[in-house]
Amino acid sequence: MDSTLLRHAARRHPARWRLLSAAAAGLLSLAGGLACAAEPKDVEAGRTLFMQATTPACAVCHTLADAGAAGTIGPSLDELKPDANRVAQAVRNGIGVMPAFDALSDADVQALAKYVSGVTGGAQ
């Protein structure tokens, strides 16, 4: 559709245009959420990594409701809602007092990052 036509429609019917824009944004976010939804086995793998497969376990320092973790050293991941890239970067490189987890494979880092971002509502 021509951009001039879109601008004209937006000026003539601003309320309809806002409603249409909001509906389109909602559908796009729903479609994105469905495309990024983790498989149950991936969620379980991520939860296992978070709870016990790292040394120290992520749950020792971080709060994460889905894992039943109530750590107070690091930030509450439920409040922070980090995206997967942010989690992966922190796990690989460390941040603040958090060490880098060099022993984890790339697949483990991705599973952990997707799990944390998925259960907190962070972007994938």
Side-chain angles (χ1 to χ4, degrees):
M1 190 177 262
D2 184 24
S3 63
T4 305
L5 207 59
L6 291 175
R7 283 193 304 272
H8 177 70
R11 271 186 263 140
R12 286 194 69 198
H13 307 286
R16 286 184 191 164
W17 188 252
R18 282 191 299 273
L19 180 62
L20 179 61
S21 296
L27 287 173
L28 287 173
S29 68
L30 177 62
L34 293 175
C36 296
E39 294 291 322
K41 65 181 172 100
D42 296 335
V43 170
E44 195 55 43
R47 185 179 295 119
T48 298
L49 285 163
F50 187 89
M51 293 299 296
Q52 54 193 253
T54 58
T55 305
C58 306
V60 170
C61 297
H62 295 283
T63 296
L64 184 63
D66 183 80
T72 58
I73 297 168
S76 167
L77 298 173
D78 294 312
E79 291 176 15
L80 190 60
K81 298 183 185 332
D83 64 38
N85 288 332
R86 186 173 183 182
V87 175
Q89 185 175 7
V91 170
R92 285 188 180 111
N93 303 322
I95 186 168
V97 297
M98 179 178 158
F101 289 86
D102 300 326
L104 292 178
S105 69
D106 285 343
D108 284 346
V109 170
Q110 288 305 313
L112 183 56
K114 286 181 181 179
Y115 166 67
V116 171
S117 66
V119 300
T120 62
Q124 297 290 317

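Computed over heavy atoms, backbone and side chain alike; hydrogens, waters and symmetry mates excluded.
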Side chains of Y115 and T48, heavy atoms from C-beta outward: is any pair under 4.5 Å?
no
Any side-chain heavy-atom pair from L80 and T120 closer than 4.5 angstrom?
no
Counting only N and O atoms by type, is there a donor-acceptor contact under 3.5 Å from the side chain of [X] to the main-chain atoms of [Y]?
{"X": "H62", "Y": "S76", "value": "no"}
{"X": "T63", "Y": "G71", "value": "yes"}
{"X": "D66", "Y": "V119", "value": "no"}

Please report the closest heavy-atom contact between [X] and [Y], naming both atoms and the distance.
{"X": "A65", "Y": "D78", "value": "N-OD2, 2.7 Å"}
{"X": "A88", "Y": "A113", "value": "N-CB, 3.8 Å"}
{"X": "G46", "Y": "L112", "value": "O-CD1, 3.8 Å"}
{"X": "M51", "Y": "A57", "value": "O-CB, 3.2 Å"}
{"X": "P82", "Y": "S117", "value": "O-CB, 3.2 Å"}

Say whether F101 and I73 are linked into one hydrophobic cluster, either directly or through other cluster members, by side-chain heavy-atom distances under 4.5 angstrom.
no
Count I, L, V, M, F, W, Y as connected when their side-chain heavy atoms are under 4.5 Å apart, and connections chain through other members. Are F50 and V60 then in the same cluster?
no
Let me see the working for V91 and M98 under side chain to side chain contact (heavy atoms under 4.5 Å, CB included), right down to the final yes or no.
CA-CA 8 Å; V91 170; M98 179 178 158; 4.1 Å; yes
Step by step, work out the side chain to side chain contact (heavy atoms under 4.5 Å, CB included) result for L49 and L104.
CA-CA 9 Å; L49 285 163; L104 292 178; 4.1 Å; yes
What is the distance from atom CZ of R86 to atom CG of L77, rounded to the nearest 0.5 Å?
9.5 Å
Neighbour count above 12 (heavy atom, 6.0 Å) for R92 CZ:
yes
